[in-house]
Structure formats: C-alpha cells, structure tokens
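Comments concern the structure below.
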Number of protein chains: 2
Amino acid sequence: MATIRDVAKLAGVSVATISRFLNKNGYVNEETKLRVEQAIKTLQYEPNAMARGLAGRKTGTIALIFPDITNPFFAELARAVEDVARMYGYTVILCNSDNQADKEQTYIRVLKQRYVDGILFASYSLRSDDVDALNNEKIPFIMLDRAPRETSCTVVSSKHLEGAQQAVQHLLDEGCTKIAHIYGPQDTVTGRERFMGYEQSVKHFPWYSPSLVEPGYFRVDGGMEAVENLMKRHPDIDGIFAGNDTMAVGALKKLQRMGVRVPDQVALCGFDGIDLTVIVEPEITTVAQSIYDMGMLSTRLLIKKIEGDNSEDQTHLFDVKLIPRESTRRKRKE
Amino acid sequence: MATIRDVAKLAGVSVATISRFLNKNGYVNEETKLRVEQAIKTLQYEPNAMARGLAGRKTGTIALIFPDITNPFFAELARAVEDVARMYGYTVILCNSDNQADKEQTYIRVLKQRYVDGILFASYSLRSDDVDALNNEKIPFIMLDRAPRETSCTVVSSKHLEGAQQAVQHLLDEGCTKIAHIYGPQDTVTGRERFMGYEQSVKHFPWYSPSLVEPGYFRVDGGMEAVENLMKRHPDIDGIFAGNDTMAVGALKKLQRMGVRVPDQVALCGFDGIDLTVIVEPEITTVAQSIYDMGMLSTRLLIKKIEGDNSEDQTHLFDVKLIPRESTRRKRKE
DNA sequence: AAACGATGTGTAACCGGTTACCTATTTCAT
DNA sequence: ATGAAATAGGTAACCGGTTACACATCGTTT
C-alpha cells in the first residue's frame, strides 16, 4: 500500500503539501493540486486511518452503547445512527450492554483506548460519576432517554409523560371504564415517566386502584404474565396501557389465548411505535416515538460536538404521536 | 493520559520491557514484572490502540457487513458476533449495505483504510472479483450464506435445501394436498435453495403447477401480497411454505384478514426461526436456523484467521430444525 | 576452559500520518 | 516605495506504540 511519502515523491512535493491537499487546510496551488491528484490516482493511495488517528487524535469512529441490538427499538435506532454516521464519514461501533454496569464500564475503557471520537448512550446502568468522568476526559457524548442528575450533558428524549397521558385519554375516549397499566422497569426514565403519566391520568377516577398496575419488564413474556395477573385480579378490566410495544404484544398474545376479544372486551395500547405493532392481528394502537429521527438527531449532535461545537448542553424532547389502530377501535355505545 | 514511556520511566526500565510485558512475548524478570505492574496501576496506563494498530498492524476490530440491522435475523446474528468478538477482545463495526453494491464498495474501502482486521459478509451484492481483491489484499473474511463461484473462501451457511424439503414434507404429513410457495429474491443463495427444495419436493405431484409460486421479497408486505395473488389463482390451496419467517408473518396477516383460518383451512410454514414467529397468534411453524450459533462460529473462524490460522478454506453447513407449531397443527382426517 | 543456549533488558528505527514553524514569493493598501 | 497580508510549500518533530538487534549475565554442556 502506498504511503503519503510515495505520493509526495511522485508528485514532486513534500508530504506536508499532500496532507494539506487531503485535509483541505492551508494553501495549495491549483497546478500542484492536479499533480497530487494524479499521483494519488496512479498509486491508488488511501490514507491510513490508524496513522491519522495517532497523529491527529481523530478516528472517525463513534460508539453506540445500548442494551441489546436484538430489541427492535434499538435496532431501528442503530440503523438511524449508522446512516447518519456514514453520511458524515464516521464509522459506528456496536456495543450491547445488556444493561449491565460492568459491561458498560469495560466498553468505556476499551473505547477510550481505541480513541473513539464520541459515544452515544442509550443504556441505563451508567452512574452519575461515570458521566462526570467522561466529561472530565472531554469525550463528547450524548444520552438517550437518560438524564443524569446534577451533571450537565446533552440529552435526547421523548415526551413520555405526555404520551402516556395521551394513551390513557385515548382509551377513555374509546369508552374504557377501567384501565390497567403494565409498567416497565422503574429504574429507567422511560418506564418511570410512562407510569407517572398513567397514574396522573387515572388516579382521580373512582375505579382507580393501585392493584391495576403490574410490571412487565419491557419484555414479551413479561407482558403476558402481567395480563394474566391483572385479569385474575380484575376480570372487568376493559382497557390496558402497556408501557412499551413489546409488552403490548405479549399482552395481546395472552389475551387472545385467554379468549378475551381485543378490542371489544379489552382495548390495548402500547408505546414506542415499533413495527411489531402492525405485524400482529389486530394491529396495536401505540404512542409512536420518532425513533429514527431521535437516532438521527443524536448522531448529528454528537458529530457536531466532536467537530468542536461548544454550545451549551441541551435537552431535546421529541413529540410523540398516538396512532389509533384496531386494538382500540371499539364500537361506541350510542 | 499516560504513555508507555511514562510507565517505563516510573518503573525504571525501557519501553521495550513494558511492551514485552504487555504483550507477553520475550523475557521479563519476575521482579521487574511486579514493578511494571505497579507503575501501570499508579499511572492508570492504558495502551493506545491507535499506536498499536499503526506499529503492529492489528486493530482488534472486525466489520460486519449485512443488509439491514433492522431485520431480526441480522440483529440476532449481530448480537452473536458482538458477543464472541467481545470475548476475544475485538470490537465490531456495523455496516448496513441495503444490498447495494456501491455501499458495500464504499464500506470495503473505508474499512481497509481503518485497518479492520477482518470482515464478515452477510450481504449479497459482492461480486466474485471483489472477493478476489480481498483475497489478494490478504484481508481475512468469511462469507455467510454466500459462496462466490471459483474463488476459495470460508463459507458458513445452513442446509437450506434440506430445510425446505422438511418444511414441505411436514405440510404433506399434516394432510396438505396443495402447497404453494412464497419465494425470496432469487439472486440470494437462501432464496434460491429454498425454492429448489420446494420444487423438488412437489414437482412430481399431480396438483403441482408453476403458478403455485409467488415472490415475496423476504418482506412482510411481500408475503401479504403474495398470499393475495396465490389465493386468487388457487382458492383451494391448503398449505403455504414461505421462504422466510418475515414473509410467513405477512402471509399469516393477510390470511387472517381474508378470513382464512390458519391452520385449519391453510397451514403455514416459515423459515429462519426468528422470534417474530412466536409473537403472532397462532405461532408459526418454522424451519429454524441456528442463527446465534452461525454468528458465533463465523466470528470464531474469522478471529482464528486473523490470528494466523492458515488452514484450508472450508464450507460449514449448519443443520436446520423444523419446529412444529400451531400454524400447521391440523386436525387429521381419520 | 571454551562454547552455547536461555534469560533479561536497552537502543533506536519504524509504522504513516499531522502540523508547528520557517522561508519565499506575490499582491495590495498606504 | 514599503510593509503587511495572502499564497505556496518544505523540514522535521511528534503521536505512542512494536520490534530487530545488540549486549550482558548466568547456568550447562563438552
């Protein structure tokens, strides 16, 4: 493989000129440019990213740390991140943390060694002091759906609380008179805020009871189990708001197995807007997040930071949108 | 950040000794080792991967090129690859090709620049001469489900043909008397071999007709459309073998919409064994590939190659396994 | 006693870029 | 006419590792 010195020799200039040409900084005469271009072409020269990284402390690499690529939500996010990164000439490193703090720590260490230019976090186990550490080391990073207390950093998230309220309101509008909630892990912002949204929307109703909520761990089987418990306690439930789509899918499955008709007997609404919701029958009403857009924005923000943007850290909140589908389309009482 | 020279100074030895210690090659006195260890700890020294890569031409990075991370099959594959890679101290770069040759070309160029140690291909647009080029440049790589003609390389794949035959046989065993096939892209090995398996299994039946097959493009909507066309042409179809699970899910959806009972009226079988098949109701019978295992094996093979294994290129064929589920559980005629 | 291999460590070149600093010429405003 | 600014490009140090080679010591073999 040709090196920059080979090119310099062939073009009859110094390496500095080649470097200036490549990086488009400093002055290079037009004629010289042509000669350099020619030399690069004949030698099929490709600058070595390793050397570049070492000398310039830029690797053109960003890391994406999240729980599990197998989860459709994160897969879509990853897709957006990779698309944008490629557009800007960056490469994406994939890190599955399984929400385990130690894995995350290892990743951070390894990524530092590898001089990644920035990190995108969509994982929940990060502690506040880890965030501080990153800040101190001046590694640009963005948090998705997670705002560490007290430390300033850029956060990209959705209006979970508002979305949850919309979901419950929608169920009420469809005529539901007793609405349960399957909630996600309460150590996540998403799980917590959606729970709160539900609670705030229903607590003033006479039918409300704390036994109308059940954990579902953001998983399909969790949703199934939750439904079973809920229906056992309250056979007269006629609406369920699941804290995410995965649990909603599980809920639907269990309801169908139990012979409960959706939406006539029980209406069901999820949260996230992943494709799974339109794959099942009936299709599930959901509060859609702009997953792809969130991925795009966070990547753009990260790259901006990497490339020297020093503006204040900000929290970006995305609107969510209720998408009514069959799982809540109830025949109205006249 | 501390460098190797800082460590050397503190430990009172030369950089060579530190390097030898770190890489466990060459002799280092036991007492010296202790001093070096101590120095590394006090300075919180982390070797710089960039410098290592430049000097040693090893980056500890492998790339995974496939169509789309959003596809559950590839997501699971990616998960396996990342898990194994992490175990061996490698980092995974994510590349979505969308099966576009130009994107793949760009990736290969970029990845070469970045000195990835090896590449895992699960994308289909690669041409034979591209493979040759990789071979010439001595970049270790593995192909998943794709054997380029004439060039030798390591391939990891499944017994698609056999699996397809199993699927059809299973439908026959369940009493189906007219079986259609929704096929995937014929420029993919997977699509082609499964089609062939179907054809070979049914062509000798009197009911067989070429109009019993319909393309579904490996997509949900493709599966839906295919079912519509098939049922229009042959309302008496009582079994469908879909070339992958995604299309099977689409087929199920359309059948349900059309009011066709699954499995009583039409039995349905997919291929791949992704989670989607147990999320829908009824759960879909499928020919499961060992997706995770395939990912693990190919990553192991790749890393072996990277670390100097020169043994002959081989083709590894995984067994597939039919998993009977509700979508084919028909009441037998006595 | 000489020769040899194993052990232990240091020196310095090298990997392939970037860039601070320097020199030289040309342009242009005062 | 003159000095500042813009243009053009070269030299060499530097990024932080790896490793070939040299050298020294010590135990073992012949």
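Remember, it's a predicted structure, so these values are computed and weren't measured experimentally.
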Between B/Asn23 and B/Ser19, is any side-chain donor less than 3.5 angstrom from a side-chain acceptor?
yes
Mark yes or no for whether A/Asp68, through its side chain, and A/Thr70, through its backbone, hold a donor-acceptor pair below 3.5 Å.
yes
N or O in side chain of A/Tyr27 less than 4.0 angstrom from D/dT7 OP1/OP2
yes
Please report, rounded to the nearest Å, how far the C1' atom of D/dT19 is from the CZ atom of B/Phe21.
18 Å
For DNA chain C, whose closest nucleotide is more 5', that of A/Asn25 or that of B/Tyr115?
B/Tyr115
Strictly below 4.0 Å, N to O, side chains only: are B/Lys33 and B/Glu30 in salt-bridge contact?
yes
For chain A, the stretch of DNA chain C it reaches, first to last nucleotide, under 4.0 Å of its heavy atoms
C/dG16 to C/dT19
When A/Glu30 and A/Arg5 are each assigned the nearest nucleotide of DNA chain D, the 5'-most assignment goes to A/Glu30
Salt bridge or not between B/Glu82 and B/Arg86? Use side-chain N to carboxylate O under 4.0 Å.
yes
NZ/NE/NH1/NH2 to OD/OE distance under 4.0 Å, A/Arg146 and A/Asp187
no
Using a strict cut-off of less than 4.0 Å between a Lys/Arg side-chain nitrogen and an Asp/Glu carboxylate oxygen, indicate whether B/Lys305 and B/Asp313 qualify as a salt bridge.
yes
In terms of the nearest nucleotide of DNA chain C, which residue is placed more toward the 5' end: A/Pro47 or B/Gly26?
B/Gly26
What contact category does A/Val15 fall into here, base, sugar-phosphate, or nothing, at under 4.0 angstrom with non-hydrogen atoms?
base
OP1 or OP2 of D/dT19 sitting under 4.0 Å from any side-chain N/O of B/Ser19?
no
Give a yes/no on whether any side-chain N or O of A/Ser14 is located under 4.0 angstrom from OP1 or OP2 of D/dG10.
yes
In whole Å, what is the span from the NZ atom of A/Lys9 to the C1' atom of D/dG10?
16 Å
Using only side-chain N and O atoms of A/Thr32, determine if any of them is under 4.0 Å from OP1 or OP2 of D/dG9.
yes
